[in-house]
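Each ligand, and each atom within it, is numbered from 1 in the order the structure gives.
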Amino acid sequence: MRFPIYRPRRLRQSPQLRALVRETELSVGDLVAPLFVREGSRLRKPINSMPGQFQFSVDELVKESERAAKLGVPAVILFGIPDKKDEKASGAHAVNGIVSKAVRALKKELPDLIVICDVCLCEYMSHGHCGVIRKSGKNYRIDNDASLSLLAKSSVAYAAAGADIIAPSDMMDGRVAAIRAALDETGFADTPIMSYAAKFASAYYGPFREAAESPPQFGDRRTYQMDYANAEEALREVGLDIEEGADIVMVKPALGYQDLIWRVKEKFRYPVACYNVSGEYAMLKAAAQNGWLDEKQAVLEMLTGFRRSGADIILTYWAQQAAKWLKD
Ligand SMILES: [Zn+2]
């Protein structure tokens with residue numbers, strides 16, 4: 001080998017030298033804060049399994065978003081918790097649905113903040129599944145094609161309320177094309193779609209179900225979310241969403257799936273987002289609370305790792321906190 005001529009340690013001798021040759025930059029401009037919104041006022045309800053995270057009423061959501069924006073966080077993604085659920089996901093597409101109300105309030109108070117709307121049916125369905133259910137006796141199936149019109153309707157409702165980006169997370173086949181067509185027909189041809197393109201059925205979503213009050217009442221989501229063992233299929237899923245009109249493609253979860261962030265970036269050269277999910281947040285928070293890990297160091301290392309893997313955009317519950325750390 002080239003030692004002693006080449007000594008990699010020469011460039012690690014001081015913080016200044018290390019900064020000079022650093023390859024990856026984690027910037028607050030890459031972060032998106034996921035926020036949960038519900039009916040009511042002056043409500044800031046802690047989520048037990050996600051210390052530091054809350055369900056907000058619209059007024060408190062605006063305050064929290066303003067705090068995020070002041071810290072430099074450019075975008076929030078909204079998840080709604082409706083008062084009433086049914087089998088038609090009415091709350092998802094009603095003009096006065098909780099997310100539409102939240103979007104209107106945010107765009108009025110904070111016009112420069114990018115407001116992304118997660119689009120799915122599970123939070124609004126009494127059965128908690130992401131699509132329309134057909135039952136016969138004890139058996140049930142998810143009716144893929146019947147779900148598409150509801151997803152498209154919800155997307156148009158959010159765009160009409162002022163959403164800057166539509167982000168379908170349901171994993172039904174063909175939903176990006178259905179949403180794109182519906183947006184184009186209703187005058188929202190310029191509204192981008194960020195698709196949850198490779199979304200895996202994952203144990204790491206556990207705390208989110210408490211946060212969004214959306215666990216399936218029976219069965220699981222493995223007939224629509226992906227098998228976590230499959231990478232080739234993930235690339236096919238991403239390819240389909242791009243063909244159907246996705247502008248940004250997402251890999252979810254992030255930790256444990258960084259090979260896919262990399263492969264998606266390498267293969268498609270599209271803007272790639274990754275979702276640093278609730279379980280990733282909960283486990284690191286728990287370790288930090290026990291004094292087993294330094295939260296700041298561990299989180300910045302993890303988020304930089306997502307960027308190094310090829311993610312342009314990181315959805316993370318640490319967005320506001322990381323923004324503060326990056327300023328110090
Ligand atoms: Zn869902």
Side-chain angles (χ1 to χ4, degrees), residues 32 34-38 47 49-50 55 77-82 84-94 97-100 102 116-134 140-155 157-158 163 165-176 178-179 193-228 234 237 241 246 249-254 257 273-279 315 317:
V32 178
L35 298 173
F36 301 95
V37 61
R38 64 179 309 151
I47 299 162
S49 51
M50 301 173 70
Q55 293 178 344
I77 181 164
L78 302 182
F79 297 91
I81 302 134
K84 284 193 199 114
K85 302 181 189 234
D86 56 28
E87 300 224 336
K88 288 180 285 184
S90 310
H93 44 78
I98 181 63
V99 167
S100 291
I116 307 173
C117 285
D118 177 88
V119 171
C120 199
L121 304 178
C122 51
E123 294 127 272
Y124 307 93
M125 288 287 203
S126 42
H127 49 64
H129 276 288
C130 304
V132 173
I133 295 267
R134 302 284 179 223
Y140 73 93
R141 64 181 182 85
I142 309 284
D143 188 337
N144 188 92
D145 297 7
S147 307
L148 300 182
S149 58
L150 291 179
L151 294 162
K153 230 168 132 180
S154 306
S155 303
Y158 299 155
I165 299 178
I166 296 298
S169 62
D170 51 282
M171 288 299 278
M172 296 300 127
D173 295 334
R175 92 279 207 208
V176 173
I179 290 171
I193 295 175
M194 173 169 80
S195 76
Y196 291 61
K199 179 178 178 182
F200 292 85
S202 168
Y204 292 89
Y205 303 154
F208 179 92
R209 292 182 186 161
E210 182 205 337
E213 299 181 9
S214 63
Q217 300 302 306
F218 49 85
D220 56 42
R221 294 184 170 138
R222 282 182 283 188
T223 68
Y224 41 105
Q225 296 178 352
M226 285 188 57
D227 179 342
Y228 57 66
E237 279 278 13
D241 280 12
V249 286
M250 192 198 300
V251 174
K252 180 184 180 184
Y257 294 81
C274 69
Y275 199 140
N276 182 204
V277 300
S278 60
L315 286 70
Y317 299 100

**Arg38/Glu213 salt bridge by N-O under 4.0 Å criterion** = yes
**Asked** By ring pair (Phe, Tyr, Trp, His ring centres under 6.0 Å), which residues pair with Phe218, not counting sequence neighbours?
**Response** His129, Tyr140
**Complete:** Within a strict 2.8 Å cut-off of the Zn ion (ligand 1), protein N/O/S atoms tallied 3
**Message:** Please evaluate residues Phe200 and Tyr205 with respect to the criterion ring pair (Phe, Tyr, Trp, His ring centres under 6.0 Å), reporting the C-alpha separation (whole Å), side-chain torsions for both, the decisive distance (0.1 Å), and the verdict.
**Reply:** CA-CA 10 Å; Phe200 292 85; Tyr205 303 154; 9.3 Å; no
**Message:** Suppose we screen for salt bridge (charged side-chain N to carboxylate O under 4.0 Å, His left out). Which residues come up paired with Arg222, at least two apart in sequence or across chains?
**Reply:** Asp220
**Message:** Just to verify, what does Asp143 make a salt bridge (charged side-chain N to carboxylate O under 4.0 Å, His left out) with, not counting sequence neighbours?
**Reply:** Arg134
**Message:** Against Leu121, only a single residue in Ile142, Asp170, Leu151 fulfils side chain to side chain contact (heavy atoms under 4.5 Å, CB included); can you say which?
**Reply:** Leu151
